[in-house]
Engineer: 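If you scroll down you'll find the structure; I have some questions about it.
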Amino acid sequence: RREVYKLGRQLSCRVKAYPLIGHSYLFLGDNHKRMQALQILGRDALKNDNGLFPAWQGNYLYTMIVDPEAAELVLKTCLAKDDIMQMATLFVGNGSIFAPVPIWRPRRKVLVPTFNMKNLKSFVSIFVRHSTILVQELGKVTGTGPLSAFKYYTAYTMDAIAESTLGYKMGAQKSSDHPFIKAFNYGLPKCAERLCQPWLHSDLIYNNLPVYTRLVKLKEYLWGFMLELIKAKRQEIKHSKESKDTENSPEGNIQTFLECLIRSSGGDDGYTDIEIVEELMVIMVAGNDTSAVGASFISLILSRHPEVQEKVYEELQEVFGNSDRLATFEDLPRLKYLDAVIRETLRLYPPVPIIVRKVENHVLLPSGITLVPGTGVLVNIWALHRNPRYWGEDAEQFRPERFLDTPLQHPAAFMAFSHGPRNCAGYQYAMMSMKTVLSTVLRRFKLLPAVASDSSFPPLRLTFDLMMKDENNFQIRLEPRIKC
Ligand code: HEM
């Protein structure tokens, strides 16, 4: 403990920490208060030259990091997730995202190759098909006033991820009545709620609450649903082997993550069904709302920056002309300005604004400060992305050109998808999915602010429940684009 307190004293802090509770008081209240706490602590950390800040939760010390150099070192050396993340394993079991390092390492080796470019290329047809449905759905509500962009994008991402992961057509954009969607949409926010509310952390208390019983039932349903699909896919693979047709899956050239995981883990000698369920849950959980929140922030920000939106539209005109043709894999790298808009929005509004790690060995940081075992690390991505030493004095401004003009000041200066060996495995999938859906929407509609304003817009009211969101549910209005 002496080492921990010494570390705490070495880190300067201007935000009051009280005996016994530390900074926990800042996180009490609603999700908006919690996001404000991350912003207050992050801004304070930015005032320190070393980009470090001592955040006390009770008598547990987290070193908050807003400096890319320190963050890079920590994310390369501290691979263990903080114990608090164990509470999120109810749905994903030992799936790679929260698993202890000895389980995560071999699983990551199997997972990453399933995101190879050949597979991603084949997923574009899925993204395009569901983007087209999204545009049809939006067409029905155009002109009826403000709508929640998130409501539509989250249905799109659910359809896209369910089909590319499970090969299952969920139909979320047509109806949210599917029991899988209901279980998913109830369970995940409940898990996040628990993580954010320290009084729910004790298993002794939580496991006796009705919500726990309900979550266990929903998990049984979700896992059972996936086990059936796994059983069917194993049969299918066996039959295709017998007919010597090992390369082509019945859905054409698309190999779903489910199929890839069975094959690349070693077929019948590879993952057990439960291990596959866990990895599928990870992809579904990690890939659904993150991309939906990303696309929603981008749409909201574009509605407030018409000049940027027009530049995106000009680029779309260059690539697609006035045609109605669907987007292709080859179009996506040509959308360079849209790419910069996506990155600049994720810089200012990272859907995952913090990453938490456990320190298991001493780590000497570039500033000369040594992190000690028994403490935690909290990389505050929201603040790191606004660090003026790496982004300049206009760090708070939305300026997509910064991603076109100059290379990054540091490889970890932008880390919406995290950094290092445990970074986001779905980074390219997410970029391709967001580019497809945004280009499809922006070709058809002009995005307008929910409430027109002649002066500048008030800052967004952000919330935090493991992910960062807009408190007003990403309200925008749509106007159809008229073709000349
Ligand atoms: C805008 C969209 C997305 C963002 C901002 C995002 C961000 C992140 C972040 C911050 C992490 C945590 C890394 C860490 O703890 O260091 C992560 C992990 C992960 N993400 Fe993403 N993600 C996105 C989309 C996706 C998609 C679409 C998929 C899958 C299709 C995906 C799959 C994963 C997986 C499997 C992990 C766990 C990696 C591991 O622990 O080895 N993500 N993501």
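Note that this is a predicted model, so its numbers are computed, not measured. The residues of the chain are indexed from 1 along the displayed sequence. Numbering of ligands and ligand atoms starts at 1, following listing order. We use all heavy atoms of the structure for the numbers below, so side chains are in, but hydrogens, waters and symmetry mates are not.
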Engineer: Which heavy atom of the protein is the closest neighbour of atom 19 (C) of ligand 1, given with residue, atom name and distance?
Structural biologist: C424 CA, 3.7 Å
Engineer: Between V282 and ligand 1, find which residue part has any heavy-atom pair under 4.0 Å and reply side chain, backbone, both or neither.
Structural biologist: side chain
Engineer: Going by the closest heavy atom to atom 14 (C) of ligand 1, which one wins out of A430, G287, G426, S418?
Structural biologist: S418
Engineer: Taking 4.0 angstrom as the limit, do R343 and D339 come out as a salt bridge?
Structural biologist: yes
Engineer: Should the pair F225 and Y221 be assigned to parallel (<30°), tilted (30 to 60°) or perpendicular (>60°) ring geometry?
Structural biologist: tilted
Engineer: Could you tell me whether V352 approaches ligand 1 through its side chain, its backbone, both or neither, with non-hydrogen atoms closer than 4.0 Å?
Structural biologist: side chain
Engineer: Under 3.5 Å, side chain of D394 to main-chain N/O of Q397, donor-acceptor pair present?
Structural biologist: no
Engineer: Taking 4.0 angstrom as the limit and counting only heavy atoms of I355, give me the atoms of ligand 1 inside it, by number and element.
Structural biologist: 14 (C), 15 (O), 16 (O)
Engineer: Does E315 come within less than 4.0 Å of R443, counting only side-chain N to carboxylate O?
Structural biologist: no
Engineer: Under 4.0 Å from a heavy atom of N423: give me the atoms of ligand 1 that qualify, with their elements.
Structural biologist: 38 (C)
Engineer: Would you say S439 and L338 make side-chain contact, with heavy atoms under 4.5 Å?
Structural biologist: yes
Engineer: Salt-bridge test for E228 and K233: reply yes if a basic N is under 4.0 Å from a carboxylate O, no otherwise.
Structural biologist: no
Engineer: For R357, is the nearest heavy atom under 4.0 Å from an atom of ligand 1?
Structural biologist: yes
Engineer: Atom 23 (C) of ligand 1: which protein heavy atom is closest, and how many Å away?
Structural biologist: T290 OG1, 3.5 Å
Engineer: Where's the contact between W104 and ligand 1, heavy-atom distance under 4.0 Å: side chain, backbone, both or neither?
Structural biologist: side chain
Engineer: Considering non-hydrogen atoms of the protein only, which is the closest contact for atom 33 (C) of ligand 1, and what is the distance?
Structural biologist: A286 CB, 3.4 Å
Engineer: Are D83 and K358 within salt-bridge range, i.e. N to O under 4.0 Å?
Structural biologist: yes
Engineer: Provide the number and element of each atom of ligand 1 under 4.0 Å from a heavy atom of F115.
Structural biologist: 29 (C), 30 (C)
Engineer: What part of A416 sits under 4.0 Å from ligand 1 if we count only heavy atoms: the side chain, the backbone, both or neither?
Structural biologist: backbone
Engineer: Is the closest N or O pair between H419 and ligand 1 shorter than 3.5 Å?
Structural biologist: no
Engineer: For ligand 1, note which part of L111 has a heavy atom under 4.0 Å away: side chain, backbone, both or neither.
Structural biologist: side chain
Engineer: Return yes or no for this condition: an N or O of S291 is under 3.5 Å from an N or O of ligand 1.
Structural biologist: no
Engineer: What's the shortest distance from atom 15 (O) of ligand 1 to any protein heavy atom, and which residue and atom give it?
Structural biologist: K81 NZ, 2.8 Å
Engineer: Salt bridge between D273 and R234, side-chain N to carboxylate O under 4.0 Å?
Structural biologist: yes
Engineer: Within the distance-only criterion (no hydrogens, no angle test), does the side chain of R386 pair as donor or acceptor with the backbone N or O of A395 below 3.5 angstrom?
Structural biologist: no
Engineer: Is the shortest side-chain N to carboxylate O distance from D405 to R399 below 4.0 Å?
Structural biologist: yes
Engineer: What are the atoms of ligand 1, with element, lying closer than 4.0 Å to any heavy atom of I283?
Structural biologist: 29 (C), 30 (C)
Engineer: For K231, does the NZ atom have more than 12 heavy-atom neighbours from other residues, nucleotides or ligands under 6.0 Å away?
Structural biologist: no
Engineer: Among protein heavy atoms, which lies nearest atom 30 (C) of ligand 1, and at what distance?
Structural biologist: I161 CD1, 3.5 Å
Engineer: What residue among F474, Y153, F398 forms ring-ring contact (aromatic ring centres under 6.0 Å, His included) with F297?
Structural biologist: F474
Engineer: What protein heavy atom is closest to atom 37 (C) of ligand 1, reported as residue, atom name and distance in Å?
Structural biologist: I97 CG1, 3.7 Å
Engineer: Taking distance alone, with N or O pairs closer than 3.5 Å, would you say R108 contacts ligand 1?
Structural biologist: yes
Engineer: Show me which atoms of ligand 1 lie under 4.0 Å from any heavy atom of Y429.
Structural biologist: 27 (C), 30 (C)
Engineer: Could you check whether E137 pairs with K151 (Lys NZ or Arg NE/NH1/NH2 to Asp/Glu carboxylate O, under 4.0 Å)?
Structural biologist: no
